[in-house]
Amino acid sequence: MSASHAPVPLYAFAMPDLLANLNPEQYAAVTLPDESALIVAGAGSGKTRVLTTRIAWLIEGGRVSPSGILAVTFTNKAAREMMTRLGAMLPINTRGMWIGTFHGLCNRLLRAHHRDAGLPSAFQILDSADQLSAIKRLLKANNIDDEKYPPKNLQYFINGAKEEGLRASRVDANDAFNRRFVELYAMYESQCEREGVVDFAELLLRSYELLDSNRALRAHYQQRFSHILVDEFQDTNRLQYAWLKLLAGEHSAIFAVGDDDQSIYAFRGANVGNMLDFEREFAVRHRIKLEQNYRSHGNILDTANHLISRNSRRLGKDLRTDAGAGEPVRVYEAATDQQEANWIVDEIRALLDQGMSRSEIAILYRSNAQSRVVEHALVAAGVPYKVYGGLRFFERQEVKHALAYLRLIDNPDDDTAFLRVVNFPTRGIGARSLELLSDTARLHQCSLAAAAPLLTGKAGAAVASFMRLIEQVRAETAPLNLPETVEHLLAASGLNTYYEQEREGQERLENLQELVNAAAAFAAEEGYGRDVPARSLPMAPGASAAPALTDDSDAVEVIDAGAPLVRQMTPLAGFLSHASLEAGDNQAQAGQDAVQLMTVHAAKGLEFMAVFISGLEEGLFPHENSAVEIDGLEEERRLMYVAITRARERLYLSFAQSRMLHGQTRYNVRSRFFDELPADTLKWLTPRIEAGARWGGARDNAGWGRDWFAPPSHIETALADKQRAADTGYRTGQTVFHNKFGEGTIIGLEGSGTDARAHVSFQRHGAKWLSLAVAKLQIVD
């Protein structure tokens, strides 16, 4: 509806000046004519304000009625915030307006037109867990091997196809394995139709198909929604963009707000290219950049701008602020990951002493597994914390599975641990078998493990096989120390293999690897040497070498003639107690003001007074997989940009020269991102550790290099790389071939002589550290 033919608004007299206090760019965006436009909104630039003010301005000016607005967000929280703000701006009931997430709006559309969509009126929605259960039922009902066709992989396959707008009949299958997945997809669709249920991906696909196939219905909604506003446009996937185009038709105006520099969800199907496609396909004449930042100080913004400028194919913008330069960005280089964590905790304590609340402090990391060492330092310091959008390390599913196996090795009569893993990974031990086993245990007044030999038939054979596995692992780990025991258990139990086969199991594998590190760190803190078996009984400090007294397998030791008996714990038992205490501490801290821990992905959309970005090392951040993925490094750089722009006043960057991996020390190269940050915004807090030896810098009379507070120059780094290449015959960036892993690219080199190692990113097997004396890599180029 044009402004010249607009009806007089009934409530305009009651409205304050909506455009007051808008900056020039915001004002220009809000008052654009009734046509499609792209608003490139930088972090902290007030995009939610622009969106809501645009809606209120359109309604107040009579350009559209509230029912003619469709506003799409990516989270329910954002939708609620938008409606709350609109309710404060306009004297209308916003509950009837079409404002919500893609899934929420599609659900509303399908409810209103369920017959046309071929759905029952009371169709139910499956969340992710319900969908996985439905897939497992499907496989079981059709006697399909769930080890060959893992349910989670099938779930990923189905959702991926739907998000591409593909039904089973249209999915290309290039081999027998994928053809079977397509068949299972079709069977899953039939099962959902019979049961009258839809999953989340189906909501959007079914809604798209409804509008695409029903011309009259499509015309109705195209005429109704003359203004479509979309938040976080850079995060739309292919089907979401197609759905928007259907609703817009040729006449509706799409007001797209997004930031290509914050597109970090490619792994979920987000397509940043939709922004450029939108400009072309809708002949967009107005592209407005919101560059005034209301969140961060100047040094933080300059750091972010300098970094992201390295990316190509950007729409381009530079954030600015009137808040002044503020504090410099603090950089800390630690010798070890534990030292890094302790430094973070010390800095947090200093911030708390200055009056900052804990909830205004965030610790960000690239991978969930990194949280473990930081959590441990916080617990030791008594600083309450919360893992935002996730679980604490010892509460994660895969870690709890591994701990349950360890508990069974330590104590086979632990029924809780037994029930958790007796059929994980699956061994054909179903609910009926466990019911029979429980009845037998009750009858004989014994544990489930003790009752296992008394069970007969198929159920008895399956449980007996599990018990043989536990006994075998107990025997094989008897001479091993604590971290070796954990590492062996992960392999022997099948947990590693199970998560390796999961389509999205990489993060869980990283957490299991971190459990080995946790065991090694615990052993070191408690003074257990590498030669102390995990299940041996250590002597108490000052104890004599006299034989220990025992009573019902509980070991005790006499410290001296007049002292009481002191119950001793094996390293394994001590580690299990430590894990339980750290996990249980979460309940004690519930509801407290707490430091926020999260991955960078989880931090998007949030802001904090102080932000710590930890683990800035090559292979960690940027992630090692980015070396072999198309545009992988650019997405990692966008992720770093998001991390930096979460900070309002204080930003801390840290990395460690060495980090524990598989219970062993891994030596790291600092992240390349440091070379992409402006030197004048950074303040290096630590002297270069062994600066002269490592970087070649001259030492002064005090024994420290002159470049205490500066990173190594590009020339120094190049000389170091050249020296490593001369020592080994290899160089970074070189393509090599390995007999087992195939072709890969060298992304790092360290050591010399027989200790020389190469960090190689293989196309099919990911990144691996290989000993050059053993690997015999063939140079391809």
Taking salt bridge (Lys or Arg N to Asp or Glu O under 4.0 Å) as the test, write out the residues that go with R218, two or more places apart.
none
Could I get the full list of ring pair (Phe, Tyr, Trp, His ring centres under 6.0 Å) partners for F621, not counting sequence neighbours?
F673
For the pair Q155 (side chain) and S128 (backbone), establish whether a donor and an acceptor sit closer than 3.5 Å, ignoring hydrogens and angles.
yes
E635/R638 ion pair, N-O < 4.0 Å:
yes
Residues in side chain to side chain donor-acceptor pair (under 3.5 Å) contact with N142, at least two apart in sequence or another chain:
none
L512 vs N496, test: side-chain contact (heavy atoms from CB on, under 4.5 Å). Steps then yes/no.
CA-CA 8 Å; L512 291 179; N496 279 345; 3.9 Å; yes
Could you tell me the separation between the CG atom of L437 and the CG atom of L448, rounded to the nearest 0.5 Å?
5.0 Å
Among residues at least two apart in sequence or on other chains, which ones pass side chain to side chain donor-acceptor pair (under 3.5 Å) with Q124?
none
Any idea which heavy atoms bring L126 and Y188 closest together, and the distance?
CD1-OH, 4.1 Å
Sidechain-backbone polar pair: Y185 side chain, A161 backbone, donor-acceptor under 3.5 Å
no
For K400, side chain to side chain contact (heavy atoms under 4.5 Å, CB included) partners two or more places apart
R420
Using the rule given for side-chain contact (heavy atoms from CB on, under 4.5 Å), can you reason through V387 versus E375, listing the C-alpha separation, both sets of side-chain angles and the distance that settles it, and then say yes or no?
CA-CA 9 Å; V387 178; E375 288 186 56; 4.2 Å; yes
Can you name the closest pair of heavy atoms from A579 and L403 and give their distance?
CB-CD1, 4.0 Å
Hey, is the main chain of Q501 close enough, under 3.5 Å, to the side chain of N153 for a donor-acceptor pair?
yes
Enumerate the residue pairs fulfilling salt bridge (charged side-chain N to carboxylate O under 4.0 Å, His left out) with a member in residues 421-433, sequence neighbours excluded, ordered by first and then second residue.
R432-E435
Can any side-chain N or O of Q222 pair as donor or acceptor with the backbone N or O of L246 at less than 3.5 Å?
yes
Show me the pairs that pass salt bridge (charged side-chain N to carboxylate O under 4.0 Å, His left out) and involve residues 114-130, at least two apart or across chains.
none
Could you check whether any side-chain N or O of N423 sits under 3.5 Å from a backbone N or O of G428, counting only pairs where one atom can act as donor and the other as acceptor?
yes
Between the side chain of R54 and the main-chain N/O of L229, is any donor-acceptor distance below 3.5 Å?
no
Residue set satisfying side chain to side chain donor-acceptor pair (under 3.5 Å) with S367, at least two apart, ordered chain then number -> E510
Let me confirm one number: the CG-OG distance from N511 to S371, rounded to the nearest 0.5 Å.
7.0 Å
Show every ring-ring contact (aromatic ring centres under 6.0 Å, His included) that has at least one partner inside residues 93-117, sequence neighbours left out.
F74-F102, W98-Y221, W98-F225, F102-W243, H103-F200, H113-Y221
How about N274 and T236: does a side-chain donor come under 3.5 Å of a side-chain acceptor?
yes
Backbone of S67 reached by a side-chain donor or acceptor of R224 within 3.5 Å
yes
Using a cut-off of 6.0 Å, state whether more than 12 heavy atoms not belonging to D145 lie near its atom CG.
yes
Over 60° means perpendicular and under 30° means parallel, so tell me whether F282 and Y241 are parallel, tilted or perpendicular.
tilted
Derivation of the ring pair (Phe, Tyr, Trp, His ring centres under 6.0 Å) call for F424 and H401:
CA-CA 8 Å; F424 191 92; H401 285 328; 4.0 Å; yes
R215, CZ atom: more than 12 neighbouring heavy atoms under 6.0 Å:
no
In terms of side-chain heavy atoms, does R80 have a donor or acceptor partner in N76 at a distance below 3.5 Å?
no
Identify the two heavy atoms, one from A404 and one from A417, that lie closest to each other, and give their separation to 0.1 Å.
O-CB, 3.5 Å
For K47, enumerate each residue passing the side chain to side chain donor-acceptor pair (under 3.5 Å) test, keeping only those at least two apart in sequence or located in another chain.
D231, E232
Looking only at the side chains, is there a donor atom on one of E507 and N368 sitting less than 3.5 Å from an acceptor on the other?
yes
What one should report as the nearest heavy-atom pair of A117 and L110 is CB-CD2, 3.7 Å
Sequence neighbours excluded, the answer for salt bridge (Lys or Arg N to Asp or Glu O under 4.0 Å) partners of D260 is none
Which atom pair, heavy atoms only, marks the closest approach of N178 to N174?
CB-N, 4.5 Å
Taking every non-hydrogen atom, the tightest pair across G165 and L239
CA-CD1, 4.1 Å
Donor + acceptor pair across side chains of N159, Q131 (<3.5 Å)
yes
Report, as yes or no, whether the 6.0 Å neighbourhood of atom CD on Q223 holds more than 12 heavy atoms from other residues, nucleotides or ligands.
no
To the nearest 0.5 Å, what is the distance between CG on L139 and CG on L154?
6.0 Å
Any salt bridge linking R407 with D414? Criterion: basic side-chain nitrogen under 4.0 Å from a carboxylate oxygen.
yes
Main-chain N/O of L434 paired with S438 side-chain donor or acceptor, under 3.5 Å:
yes
So does N237 get a backbone contact from the side chain of Q240, meaning a donor-acceptor N/O pair under 3.5 Å?
yes
Measure the spacing between OG of S626 and CZ of R366 and express it to the nearest 0.5 Å.
8.0 Å
Flag, side chain of S493 to backbone of L489, donor-acceptor distance under 3.5 Å
yes
N-O pairing of R179 and E183 below 4.0 Å
no
Looking at K162 and E189, is there a salt bridge between them, counting it only when a charged N and a carboxylate O are closer than 4.0 Å?
no
Does a donor on one side chain sit under 3.5 Å from an acceptor on the other, for R238 and N271?
no
Verdict with reasoning, L620 to Q370, per side-chain contact (heavy atoms from CB on, under 4.5 Å)
CA-CA 10 Å; L620 197 55; Q370 291 172 250; 3.7 Å; yes
By ring pair (Phe, Tyr, Trp, His ring centres under 6.0 Å) - contacts of F418 (at least two apart):
F466
Between Q262 and Q234: side-chain donor-acceptor atoms closer than 3.5 Å
no
Validate the cation-pi geometry between R508 and Y498: distance from NZ or CZ to the six-membered ring centre under 6.0 Å, angle to the ring axis within 45°.
no
Salt bridge (charged side-chain N to carboxylate O under 4.0 Å, His left out) between R637 and D261, worked out
CA-CA 9 Å; R637 196 175 283 116; D261 290 334; over 6 Å; no
Nearest 0.5 Å please: distance from the CZ atom of F181 over to the CG atom of D175.
10.5 Å
As an exercise, state the distance from CG of L408 to CD1 of I470, rounded to the nearest 0.5 Å.
5.0 Å
